[in-house]
Novice: 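Can you read through this structure? Questions will come right after.
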Number of protein chains: 2
Amino acid sequence: MSKSGEETRTRILKACWTLLEQGPDAPARMSDIARAAGVSRQAVYLHFPNRTELLIATTRFIDEASDIDERLATSRATTGGPARLDAYIEAWGNYIPVIHGVGSALMAMAATDEAARAAWADRMAAMRHGCDAAIQAIARDRRLRPGLDPVRATDLVWTLLSVRNWEHLVSDCGWTQDDYVSEIKRLARAAVVADTD
Amino acid sequence: MSKSGEETRTRILKACWTLLEQGPDAPARMSDIARAAGVSRQAVYLHFPNRTELLIATTRFIDEASDIDERLATSRATTGGPARLDAYIEAWGNYIPVIHGVGSALMAMAATDEAARAAWADRMAAMRHGCDAAIQAIARDRRLRPGLDPVRATDLVWTLLSVRNWEHLVSDCGWTQDDYVSEIKRLARAAVVADTD
DNA sequence: ATTCACGCTTGACACGGTGTCAAGGTAACT
DNA sequence: AGTTACCTTGACACCGTGTCAAGCGTGAAT
(Lines give C-alpha, C1' and ligand atoms only; values in the text may rest on other atoms or scores of the structure.)
Protein backbone atom coordinates (compact mmCIF):
# COMPACT_ATOMS: atom_id res chain seq x y z
CA MET A 1 0.00 0.00 0.00
CA SER A 2 1.48 3.33 -1.09
CA LYS A 3 1.62 6.45 1.02
CA SER A 4 -1.64 7.85 -0.34
CA GLY A 5 -3.30 4.50 0.16
CA GLU A 6 -2.25 4.41 3.78
CA GLU A 7 -3.45 7.97 4.25
CA THR A 8 -6.90 7.18 2.93
CA ARG A 9 -7.05 4.15 5.17
CA THR A 10 -6.35 6.15 8.31
CA ARG A 11 -8.78 8.86 7.20
CA ILE A 12 -11.48 6.19 7.02
CA LEU A 13 -10.51 4.84 10.43
CA LYS A 14 -10.59 8.30 11.99
CA ALA A 15 -13.93 9.06 10.37
CA CYS A 16 -15.31 5.79 11.68
CA TRP A 17 -13.99 6.53 15.15
CA THR A 18 -15.36 10.07 15.42
CA LEU A 19 -18.69 9.02 13.92
CA LEU A 20 -19.14 6.21 16.42
CA GLU A 21 -18.15 8.51 19.26
CA GLN A 22 -21.18 10.68 18.46
CA GLY A 23 -23.27 7.91 19.94
CA PRO A 24 -26.31 6.14 18.58
CA ASP A 25 -27.93 9.35 17.31
CA ALA A 26 -25.42 9.71 14.49
CA PRO A 27 -25.91 6.83 12.06
CA ALA A 28 -22.70 5.04 11.07
CA ARG A 29 -23.61 3.19 7.92
CA MET A 30 -20.87 2.50 5.43
CA SER A 31 -22.04 5.45 3.34
CA ASP A 32 -21.97 7.77 6.37
CA ILE A 33 -18.45 6.73 7.23
CA ALA A 34 -17.33 7.16 3.62
CA ARG A 35 -18.84 10.64 3.43
CA ALA A 36 -17.24 11.62 6.74
CA ALA A 37 -13.89 10.45 5.37
CA GLY A 38 -14.40 12.42 2.16
CA VAL A 39 -14.23 9.27 0.09
CA SER A 40 -16.56 7.14 -1.99
CA ARG A 41 -18.41 4.26 -0.38
CA GLN A 42 -16.53 1.80 -2.55
CA ALA A 43 -13.19 3.17 -1.45
CA VAL A 44 -14.04 1.92 2.02
CA TYR A 45 -14.54 -1.57 0.63
CA LEU A 46 -11.15 -1.34 -1.09
CA HIS A 47 -9.54 -1.02 2.34
CA PHE A 48 -11.82 -3.17 4.50
CA PRO A 49 -13.72 -6.24 3.32
CA ASN A 50 -16.84 -5.48 5.33
CA ARG A 51 -18.25 -3.39 8.15
CA THR A 52 -17.21 -5.82 10.85
CA GLU A 53 -13.57 -5.77 9.80
CA LEU A 54 -13.66 -1.99 9.63
CA LEU A 55 -14.91 -1.84 13.20
CA ILE A 56 -12.27 -4.30 14.36
CA ALA A 57 -9.55 -2.31 12.61
CA THR A 58 -10.92 0.81 14.28
CA THR A 59 -10.57 -0.72 17.74
CA ARG A 60 -6.94 -1.53 16.98
CA PHE A 61 -6.42 1.98 15.67
CA ILE A 62 -7.85 3.42 18.88
CA ASP A 63 -5.72 1.10 20.98
CA GLU A 64 -2.57 2.39 19.34
CA ALA A 65 -3.68 6.02 19.39
CA SER A 66 -4.56 5.81 23.09
CA ASP A 67 -1.58 3.88 24.36
CA ILE A 68 -3.67 1.29 26.10
CA ASP A 69 -0.59 -0.78 26.79
CA GLU A 70 1.00 2.03 28.73
CA ARG A 71 -2.15 2.54 30.77
CA LEU A 72 -2.28 -1.10 31.74
CA ALA A 73 1.46 -1.30 32.44
CA THR A 74 0.94 0.96 35.45
CA SER A 75 -1.50 -1.46 36.99
CA ARG A 76 0.77 -4.41 36.31
CA ALA A 77 3.62 -2.62 38.04
CA THR A 78 1.59 -1.94 41.16
CA THR A 79 2.52 -4.18 44.07
CA GLY A 80 0.05 -5.32 46.69
CA GLY A 81 -3.12 -7.11 45.69
CA PRO A 82 -5.86 -4.65 46.61
CA ALA A 83 -3.86 -1.68 45.31
CA ARG A 84 -3.30 -3.54 42.09
CA LEU A 85 -7.01 -4.13 41.74
CA ASP A 86 -7.59 -0.40 42.20
CA ALA A 87 -4.96 0.41 39.61
CA TYR A 88 -6.47 -1.99 37.11
CA ILE A 89 -9.96 -0.60 37.62
CA GLU A 90 -8.61 2.88 37.11
CA ALA A 91 -6.76 1.93 33.94
CA TRP A 92 -9.53 -0.05 32.30
CA GLY A 93 -12.38 2.04 33.69
CA ASN A 94 -10.87 5.18 32.21
CA TYR A 95 -10.31 3.45 28.89
CA ILE A 96 -13.94 2.42 28.51
CA PRO A 97 -15.19 5.88 27.46
CA VAL A 98 -12.54 5.90 24.73
CA ILE A 99 -13.54 2.63 23.08
CA HIS A 100 -17.18 2.82 24.05
CA GLY A 101 -18.44 4.00 20.65
CA VAL A 102 -16.80 1.26 18.62
CA GLY A 103 -17.49 -1.24 21.35
CA SER A 104 -21.22 -0.60 21.19
CA ALA A 105 -21.25 -0.94 17.42
CA LEU A 106 -19.27 -4.15 17.62
CA MET A 107 -21.55 -5.59 20.29
CA ALA A 108 -24.55 -4.73 18.13
CA MET A 109 -22.99 -6.55 15.17
CA ALA A 110 -22.12 -9.50 17.39
CA ALA A 111 -25.80 -10.38 17.50
CA THR A 112 -25.69 -11.48 13.86
CA ASP A 113 -22.01 -11.56 12.86
CA GLU A 114 -19.75 -14.34 14.03
CA ALA A 115 -16.54 -12.43 13.34
CA ALA A 116 -17.73 -9.47 15.39
CA ARG A 117 -18.67 -11.80 18.23
CA ALA A 118 -15.25 -13.40 18.17
CA ALA A 119 -13.43 -10.07 18.03
CA TRP A 120 -15.30 -8.65 20.97
CA ALA A 121 -15.01 -11.85 22.96
CA ASP A 122 -11.28 -11.69 22.36
CA ARG A 123 -11.00 -8.20 23.76
CA MET A 124 -13.09 -9.14 26.76
CA ALA A 125 -10.92 -12.19 27.35
CA ALA A 126 -7.87 -9.94 27.40
CA MET A 127 -9.62 -7.68 29.90
CA ARG A 128 -10.47 -10.71 31.98
CA HIS A 129 -6.80 -11.63 32.16
CA GLY A 130 -6.18 -8.29 33.81
CA CYS A 131 -8.89 -9.04 36.36
CA ASP A 132 -7.44 -12.45 36.95
CA ALA A 133 -3.94 -11.06 37.51
CA ALA A 134 -5.29 -8.68 40.15
CA ILE A 135 -7.19 -11.50 41.86
CA GLN A 136 -4.04 -13.65 41.87
CA ALA A 137 -2.13 -10.81 43.48
CA ILE A 138 -4.81 -10.50 46.13
CA ALA A 139 -4.73 -14.24 46.73
CA ARG A 140 -0.94 -14.15 47.13
CA ASP A 141 -1.40 -11.47 49.77
CA ARG A 142 -3.96 -13.73 51.49
CA ARG A 143 -6.47 -10.94 51.23
CA LEU A 144 -9.07 -12.83 49.19
CA ARG A 145 -12.44 -12.96 50.91
CA PRO A 146 -12.58 -16.27 52.83
CA GLY A 147 -14.45 -19.01 50.99
CA LEU A 148 -14.35 -17.19 47.69
CA ASP A 149 -13.19 -19.21 44.72
CA PRO A 150 -10.57 -17.21 42.73
CA VAL A 151 -12.31 -18.00 39.46
CA ARG A 152 -15.56 -16.72 40.83
CA ALA A 153 -13.84 -13.64 42.14
CA THR A 154 -12.50 -12.99 38.64
CA ASP A 155 -16.01 -13.49 37.24
CA LEU A 156 -17.34 -10.90 39.64
CA VAL A 157 -14.74 -8.23 38.96
CA TRP A 158 -14.96 -8.94 35.25
CA THR A 159 -18.70 -8.38 35.37
CA LEU A 160 -18.46 -5.23 37.45
CA LEU A 161 -16.02 -3.77 34.92
CA SER A 162 -18.16 -4.53 31.89
CA VAL A 163 -18.77 -1.86 29.28
CA ARG A 164 -22.50 -2.31 29.82
CA ASN A 165 -22.21 -1.37 33.47
CA TRP A 166 -20.24 1.72 32.55
CA GLU A 167 -22.96 2.64 30.07
CA HIS A 168 -25.62 2.04 32.66
CA LEU A 169 -24.03 4.17 35.37
CA VAL A 170 -22.57 6.96 33.25
CA SER A 171 -25.02 7.26 30.35
CA ASP A 172 -28.25 6.10 31.99
CA CYS A 173 -27.72 7.23 35.59
CA GLY A 174 -25.68 10.31 34.73
CA TRP A 175 -22.68 9.56 36.92
CA THR A 176 -19.42 11.35 36.28
CA GLN A 177 -16.48 9.30 35.13
CA ASP A 178 -14.74 9.88 38.47
CA ASP A 179 -17.77 8.75 40.44
CA TYR A 180 -17.93 5.65 38.29
CA VAL A 181 -14.30 4.74 38.88
CA SER A 182 -14.30 5.33 42.61
CA GLU A 183 -17.59 3.56 43.22
CA ILE A 184 -16.56 0.54 41.18
CA LYS A 185 -13.31 0.38 43.12
CA ARG A 186 -15.23 0.30 46.37
CA LEU A 187 -17.67 -2.25 45.06
CA ALA A 188 -14.96 -4.52 43.71
CA ARG A 189 -13.14 -4.42 47.03
CA ALA A 190 -16.35 -5.23 48.86
CA ALA A 191 -16.91 -8.11 46.48
CA VAL A 192 -13.56 -9.89 46.65
CA VAL A 193 -11.24 -8.46 49.32
CA ALA A 194 -11.41 -9.76 52.89
CA ASP A 195 -13.05 -7.42 55.39
CA THR A 196 -10.00 -6.86 57.60
CA ASP A 197 -8.93 -3.65 55.96
CA MET B 1 -61.59 -9.62 17.78
CA SER B 2 -63.51 -12.88 17.61
CA LYS B 3 -62.52 -16.09 19.36
CA SER B 4 -60.51 -17.46 16.42
CA GLY B 5 -58.80 -14.11 16.00
CA GLU B 6 -57.77 -14.08 19.63
CA GLU B 7 -56.56 -17.65 19.34
CA THR B 8 -54.35 -16.85 16.39
CA ARG B 9 -52.97 -13.86 18.23
CA THR B 10 -51.94 -15.90 21.25
CA ARG B 11 -50.50 -18.60 18.98
CA ILE B 12 -48.29 -15.94 17.42
CA LEU B 13 -47.29 -14.64 20.83
CA LYS B 14 -46.44 -18.12 22.08
CA ALA B 15 -44.46 -18.87 18.92
CA CYS B 16 -42.55 -15.63 19.33
CA TRP B 17 -41.84 -16.42 22.96
CA THR B 18 -40.58 -19.94 22.44
CA LEU B 19 -38.54 -18.90 19.42
CA LEU B 20 -36.80 -16.13 21.33
CA GLU B 21 -36.16 -18.46 24.23
CA GLN B 22 -34.03 -20.62 21.93
CA GLY B 23 -31.44 -17.89 22.10
CA PRO B 24 -29.57 -16.10 19.35
CA ASP B 25 -28.91 -19.30 17.39
CA ALA B 26 -32.51 -19.63 16.33
CA PRO B 27 -33.36 -16.72 14.06
CA ALA B 28 -36.59 -14.91 14.91
CA ARG B 29 -37.50 -13.04 11.78
CA MET B 30 -41.12 -12.28 11.12
CA SER B 31 -41.27 -15.21 8.71
CA ASP B 32 -39.76 -17.58 11.31
CA ILE B 33 -42.29 -16.53 13.90
CA ALA B 34 -45.13 -16.91 11.43
CA ARG B 35 -43.99 -20.39 10.45
CA ALA B 36 -43.60 -21.40 14.10
CA ALA B 37 -47.15 -20.19 14.72
CA GLY B 38 -48.45 -22.12 11.68
CA VAL B 39 -49.66 -18.94 10.08
CA SER B 40 -48.77 -16.79 7.10
CA ARG B 41 -46.30 -13.95 7.50
CA GLN B 42 -49.01 -11.46 6.65
CA ALA B 43 -51.29 -12.81 9.35
CA VAL B 44 -48.72 -11.63 11.87
CA TYR B 45 -49.00 -8.12 10.45
CA LEU B 46 -52.78 -8.31 10.78
CA HIS B 47 -52.33 -8.66 14.55
CA PHE B 48 -49.23 -6.55 15.18
CA PRO B 49 -48.23 -3.48 13.19
CA ASN B 50 -44.51 -4.30 13.23
CA ARG B 51 -41.85 -6.41 14.86
CA THR B 52 -41.26 -4.01 17.72
CA GLU B 53 -44.91 -4.02 18.75
CA LEU B 54 -44.97 -7.80 18.53
CA LEU B 55 -42.02 -8.00 20.90
CA ILE B 56 -43.60 -5.56 23.30
CA ALA B 57 -46.85 -7.51 23.26
CA THR B 58 -44.85 -10.66 23.91
CA THR B 59 -43.31 -9.17 27.05
CA ARG B 60 -46.77 -8.34 28.33
CA PHE B 61 -47.94 -11.82 27.46
CA ILE B 62 -45.05 -13.33 29.42
CA ASP B 63 -45.73 -11.01 32.34
CA GLU B 64 -49.27 -12.31 32.60
CA ALA B 65 -48.35 -15.94 32.02
CA SER B 66 -45.66 -15.78 34.70
CA ASP B 67 -47.52 -13.85 37.36
CA ILE B 68 -44.79 -11.30 37.76
CA ASP B 69 -47.04 -9.22 40.00
CA GLU B 70 -47.40 -12.07 42.44
CA ARG B 71 -43.64 -12.62 42.50
CA LEU B 72 -43.01 -8.99 43.30
CA ALA B 73 -45.80 -8.83 45.88
CA THR B 74 -43.79 -11.11 48.13
CA SER B 75 -40.88 -8.70 48.17
CA ARG B 76 -43.17 -5.75 48.80
CA ALA B 77 -44.69 -7.56 51.76
CA THR B 78 -41.32 -8.29 53.34
CA THR B 79 -40.54 -6.08 56.31
CA GLY B 80 -37.07 -4.99 57.27
CA GLY B 81 -34.90 -3.14 54.76
CA PRO B 82 -32.10 -5.62 54.08
CA ALA B 83 -34.50 -8.57 53.99
CA ARG B 84 -36.68 -6.69 51.58
CA LEU B 85 -33.70 -6.08 49.32
CA ASP B 86 -32.98 -9.81 49.38
CA ALA B 87 -36.58 -10.61 48.54
CA TYR B 88 -36.60 -8.16 45.65
CA ILE B 89 -33.38 -9.54 44.24
CA GLU B 90 -34.81 -13.02 44.49
CA ALA B 91 -38.04 -12.05 42.76
CA TRP B 92 -36.54 -10.05 39.94
CA GLY B 93 -33.39 -12.15 39.59
CA ASN B 94 -35.47 -15.26 39.10
CA TYR B 95 -37.70 -13.50 36.60
CA ILE B 96 -34.81 -12.45 34.38
CA PRO B 97 -34.33 -15.90 32.79
CA VAL B 98 -38.00 -15.89 31.87
CA ILE B 99 -38.00 -12.59 29.96
CA HIS B 100 -34.40 -12.80 28.86
CA GLY B 101 -35.14 -13.96 25.32
CA VAL B 102 -37.58 -11.19 24.47
CA GLY B 103 -35.52 -8.72 26.44
CA SER B 104 -32.45 -9.37 24.34
CA ALA B 105 -34.41 -8.99 21.11
CA LEU B 106 -35.96 -5.78 22.36
CA MET B 107 -32.60 -4.37 23.44
CA ALA B 108 -31.20 -5.21 20.01
CA MET B 109 -34.06 -3.35 18.33
CA ALA B 110 -33.61 -0.44 20.71
CA ALA B 111 -30.40 0.43 18.87
CA THR B 112 -32.40 1.57 15.86
CA ASP B 113 -36.05 1.68 16.93
CA GLU B 114 -37.34 4.47 19.12
CA ALA B 115 -40.45 2.57 20.23
CA ALA B 116 -38.39 -0.42 21.33
CA ARG B 117 -36.06 1.86 23.26
CA ALA B 118 -38.99 3.50 25.02
CA ALA B 119 -40.65 0.18 25.83
CA TRP B 120 -37.53 -1.30 27.35
CA ALA B 121 -36.71 1.90 29.22
CA ASP B 122 -40.21 1.74 30.66
CA ARG B 123 -39.74 -1.77 31.99
CA MET B 124 -36.39 -0.88 33.45
CA ALA B 125 -37.89 2.17 35.10
CA ALA B 126 -40.47 -0.08 36.74
CA MET B 127 -37.69 -2.38 37.91
CA ARG B 128 -35.86 0.62 39.28
CA HIS B 129 -38.89 1.54 41.37
CA GLY B 130 -38.56 -1.82 43.07
CA CYS B 131 -34.91 -1.11 43.82
CA ASP B 132 -35.82 2.30 45.13
CA ALA B 133 -38.51 0.89 47.43
CA ALA B 134 -35.98 -1.51 48.93
CA ILE B 135 -33.46 1.30 49.41
CA GLN B 136 -36.12 3.43 51.10
CA ALA B 137 -36.90 0.58 53.44
CA ILE B 138 -33.23 0.23 54.30
CA ALA B 139 -32.96 3.98 54.87
CA ARG B 140 -35.98 3.85 57.21
CA ASP B 141 -34.19 1.16 59.18
CA ARG B 142 -31.11 3.42 59.31
CA ARG B 143 -29.14 0.62 57.74
CA LEU B 144 -28.00 2.56 54.67
CA ARG B 145 -24.23 2.69 54.37
CA PRO B 146 -23.10 5.98 55.96
CA GLY B 147 -22.44 8.72 53.45
CA LEU B 148 -24.28 6.94 50.66
CA ASP B 149 -26.83 8.99 48.78
CA PRO B 150 -30.10 7.01 48.44
CA VAL B 151 -30.35 7.83 44.74
CA ARG B 152 -26.86 6.55 44.19
CA ALA B 153 -27.66 3.44 46.17
CA THR B 154 -30.62 2.82 43.90
CA ASP B 155 -28.39 3.35 40.86
CA LEU B 156 -26.00 0.73 42.18
CA VAL B 157 -28.58 -1.93 42.94
CA TRP B 158 -30.36 -1.18 39.67
CA THR B 159 -27.11 -1.72 37.81
CA LEU B 160 -26.22 -4.90 39.66
CA LEU B 161 -29.63 -6.34 38.78
CA SER B 162 -29.40 -5.53 35.08
CA VAL B 163 -30.27 -8.18 32.52
CA ARG B 164 -26.81 -7.70 31.00
CA ASN B 165 -25.15 -8.70 34.27
CA TRP B 166 -27.31 -11.78 34.49
CA GLU B 167 -26.31 -12.69 30.94
CA HIS B 168 -22.68 -12.11 31.75
CA LEU B 169 -22.62 -14.27 34.86
CA VAL B 170 -24.98 -17.04 33.80
CA SER B 171 -24.42 -17.30 30.05
CA ASP B 172 -20.81 -16.15 29.75
CA CYS B 173 -19.37 -17.31 33.08
CA GLY B 174 -21.56 -20.39 33.40
CA TRP B 175 -22.96 -19.66 36.83
CA THR B 176 -26.07 -21.45 37.99
CA GLN B 177 -29.18 -19.40 38.61
CA ASP B 178 -28.89 -20.03 42.33
CA ASP B 179 -25.29 -18.90 42.44
CA TYR B 180 -26.26 -15.79 40.56
CA VAL B 181 -29.04 -14.89 42.98
CA SER B 182 -27.08 -15.52 46.15
CA GLU B 183 -23.95 -13.74 44.95
CA ILE B 184 -25.88 -10.70 43.79
CA LYS B 185 -27.64 -10.58 47.14
CA ARG B 186 -24.31 -10.54 48.91
CA LEU B 187 -22.90 -7.96 46.53
CA ALA B 188 -25.91 -5.67 46.83
CA ARG B 189 -25.71 -5.82 50.61
CA ALA B 190 -22.02 -5.03 50.48
CA ALA B 191 -22.79 -2.12 48.20
CA VAL B 192 -25.53 -0.35 50.12
CA VAL B 193 -26.09 -1.81 53.59
CA ALA B 194 -24.08 -0.55 56.56
CA ASP B 195 -21.39 -2.94 57.79
CA THR B 196 -22.84 -3.52 61.25
CA ASP B 197 -24.57 -6.75 60.38
C1' DA C 1 6.36 11.57 -24.49
C1' DT C 2 4.23 7.23 -23.94
C1' DT C 3 3.00 3.63 -21.21
C1' DC C 4 1.76 1.44 -17.10
C1' DA C 5 0.14 0.67 -12.52
C1' DC C 6 -2.19 2.24 -8.72
C1' DG C 7 -5.82 4.37 -6.08
C1' DC C 8 -9.91 6.08 -6.49
C1' DT C 9 -14.84 7.21 -8.58
C1' DT C 10 -19.24 6.26 -10.72
C1' DG C 11 -23.13 3.71 -11.40
C1' DA C 12 -25.24 -0.49 -11.63
C1' DC C 13 -26.85 -4.71 -9.45
C1' DA C 14 -28.04 -8.89 -6.13
C1' DC C 15 -29.59 -10.16 -1.71
C1' DG C 16 -32.01 -10.42 2.69
C1' DG C 17 -35.27 -8.59 5.91
C1' DT C 18 -39.17 -5.38 6.95
C1' DG C 19 -43.37 -3.54 5.87
C1' DT C 20 -47.37 -2.67 2.30
C1' DC C 21 -50.90 -3.65 -1.04
C1' DA C 22 -54.47 -6.03 -3.74
C1' DA C 23 -57.10 -9.94 -4.71
C1' DG C 24 -59.05 -14.06 -3.41
C1' DG C 25 -60.50 -17.96 -0.45
C1' DT C 26 -63.36 -20.03 3.40
C1' DA C 27 -66.22 -20.78 7.27
C1' DA C 28 -69.88 -19.02 10.13
C1' DC C 29 -73.74 -16.37 10.90
C1' DT C 30 -78.13 -14.49 9.12
C1' DA D 1 -77.63 -16.88 -0.93
C1' DG D 2 -75.31 -12.97 0.95
C1' DT D 3 -72.42 -10.84 4.26
C1' DT D 4 -68.72 -10.52 7.37
C1' DA D 5 -64.41 -11.61 9.68
C1' DC D 6 -60.17 -13.82 9.33
C1' DC D 7 -56.68 -15.64 6.77
C1' DT D 8 -53.71 -16.75 2.39
C1' DT D 9 -51.05 -15.86 -1.76
C1' DG D 10 -48.10 -13.33 -4.35
C1' DA D 11 -46.35 -9.17 -5.69
C1' DC D 12 -43.81 -4.99 -4.63
C1' DA D 13 -41.03 -0.86 -2.43
C1' DC D 14 -37.42 0.33 0.65
C1' DC D 15 -33.03 0.21 2.98
C1' DG D 16 -28.45 -1.25 4.04
C1' DT D 17 -24.66 -4.42 2.83
C1' DG D 18 -21.68 -6.20 -0.32
C1' DT D 19 -20.17 -7.00 -5.46
C1' DC D 20 -18.94 -5.90 -10.15
C1' DA D 21 -17.26 -3.49 -14.25
C1' DA D 22 -15.72 0.39 -16.52
C1' DG D 23 -13.30 4.54 -16.43
C1' DC D 24 -10.45 8.49 -14.73
C1' DG D 25 -6.17 10.96 -13.00
C1' DT D 26 -1.62 11.02 -11.41
C1' DG D 27 3.03 9.86 -10.86
C1' DA D 28 6.84 6.90 -11.98
C1' DA D 29 9.43 4.12 -15.19
C1' DT D 30 11.09 3.56 -19.71
Side-chain angles (χ1 to χ4, degrees), chain A residues 1-16 19-20 22 24-58 102 104-117 119, chain B residues 1-16 19-20 22 24-58 102 104-117 119:
Chain A
M1 194 70 73
S2 75
K3 197 179 75 183
S4 93
E6 202 67 34
E7 265 176 24
T8 308
R9 196 187 130 94
T10 64
R11 261 174 47 215
I12 294 170
L13 288 170
K14 282 181 187 173
C16 182
L19 216 50
L20 288 171
Q22 314 282 84
D25 315 307
R29 293 157 296 199
M30 292 301 262
S31 52
D32 298 313
I33 295 165
R35 187 155 19 84
V39 119
S40 74
R41 191 171 69 93
Q42 276 55 28
V44 179
Y45 283 102
L46 292 178
H47 289 273
F48 308 95
N50 50 51
R51 204 177 110 99
T52 299
E53 292 300 322
L54 169 57
L55 293 183
I56 294 173
T58 304
V102 209
S104 289
L106 213 46
M107 285 189 274
M109 299 233 64
T112 60
D113 185 306
E114 180 53 44
R117 183 157 44 248
Chain B
M1 195 68 74
S2 76
K3 196 179 77 181
S4 94
E6 203 67 32
E7 263 176 27
T8 308
R9 195 188 131 95
T10 66
R11 262 171 52 215
I12 294 170
L13 288 170
K14 281 181 187 172
C16 182
L19 216 50
L20 287 172
Q22 313 283 86
D25 317 306
R29 292 158 296 200
M30 291 302 263
S31 52
D32 298 312
I33 296 165
R35 185 153 22 82
V39 117
S40 73
R41 191 171 69 92
Q42 278 55 28
V44 180
Y45 283 102
L46 292 178
H47 289 275
F48 308 94
N50 51 51
R51 204 176 111 97
T52 300
E53 292 301 323
L54 168 57
L55 293 182
I56 295 173
T58 304
V102 210
S104 288
L106 213 45
M107 285 190 275
M109 298 234 62
T112 59
D113 185 306
E114 179 53 44
R117 183 156 46 246

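Hydrogens, waters and symmetry mates play no part in the numbers below; they use all other heavy atoms, side chains included. Throughout, a chain's letter reflects where its sequence line sits, starting with A, and its residues are numbered from 1.
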Novice: Would you check, one step at a time, whether the test side-chain contact (heavy atoms from CB on, under 4.5 Å) holds for B:Arg9 with B:Leu13?
Specialist: CA-CA 6 Å; B:Arg9 195 188 131 95; B:Leu13 288 170; 4.2 Å; yes
Novice: Between atom CG in B:Asn50 and atom P in C:dG17, what is the gap in whole Å?
Specialist: 18 Å
Novice: Given atom CD of B:Glu53 and atom P of C:dG19, what is their separation to the nearest angstrom?
Specialist: 10 Å
Novice: Which pair of heavy atoms, one from A:Ala115 and one from A:Ile56, lies closest together, and at what distance?
Specialist: O-CD1, 4.2 Å
Novice: Could you tell me which non-hydrogen atom of B:Leu20 sits nearest to which non-hydrogen atom of B:Ala28, and how far apart they are?
Specialist: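 The pair with the smallest heavy-atom distance is CD2-CB, 3.7 Å.
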Novice: Whole angstroms only, please: what is the CG-P distance between A:Asp32 and D:dC15?
Specialist: 13 Å
Novice: So, does the side chain of B:Arg41 form a donor-acceptor pair with the base of C:dG17 at under 3.5 Å?
Specialist: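 Result: no qualifying N/O pair found.
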Novice: Minimum heavy-atom separation for A:Arg51 and A:Met109, please, with both atom names.
Specialist: NE-SD, 3.6 Å
Novice: Rounded to the nearest Å, what distance is computed from the OH atom of residue A:Tyr45 to the P atom of nucleotide C:dT10?
Specialist: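 Value for this atom pair: 17 Å.
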Novice: Is any side-chain nitrogen or oxygen of B:His47 closer than 4.0 Å to OP1 or OP2 of D:dC7?
Specialist: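 Checking D:dC7 against B:His47, a side-chain N or O does come within under 4.0 Å of OP1 or OP2.
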Novice: From the options C:dT18, C:dT9, D:dC7, select the nucleotide whose nearest atom is closest to the side chain of A:Val39.
Specialist: C:dT9
Novice: Nearest whole angstrom, please: distance from the P of C:dG7 to the CZ of A:Arg9.
Specialist: 13 Å
Novice: Rounding to an integer number of Å, can you tell me how far B:Leu46 CG sits from D:dT4 C1'?
Specialist: 15 Å
Novice: Rounded to whole Å, please give me the gap between CD1 in B:Ile33 and C1' in C:dG17.
Specialist: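 Going from B:Ile33 (CD1) to C:dG17 (C1'), I get 12 Å.
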Novice: Does some side-chain heavy atom of A:Asp32 sit less than 4.5 Å from a side-chain heavy atom of A:Arg35?
Specialist: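 When only atoms from C-beta onward are counted, A:Asp32 and A:Arg35 do touch, with a gap below 4.5 Å.
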Novice: Of the listed nucleotides (C:dC8, D:dG18, C:dT18), which one gets closest to any side-chain atom of A:Arg51?
Specialist: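 Ranking C:dC8, D:dG18, C:dT18 by closest atom to the A:Arg51 side chain puts D:dG18 first.
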Novice: In whole Å, what is the span from the CG atom of B:Asp113 to the C1' atom of D:dC15?
Specialist: 15 Å
Novice: Of the nucleotides D:dG18, D:dT8, C:dG19, which one has an atom closest to the side chain of B:Met30?
Specialist: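 Nucleotide nearest to B:Met30's side chain: C:dG19.
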Novice: Any donor-acceptor pair, under 3.5 Å, between the side chain of A:Gln42 and the base of C:dT10, if you only look at N and O atoms?
Specialist: no
Novice: Between A:Pro49 and A:Arg29, which residue's closest nucleotide on DNA chain D lies nearer the 5′ terminus?
Specialist: A:Arg29
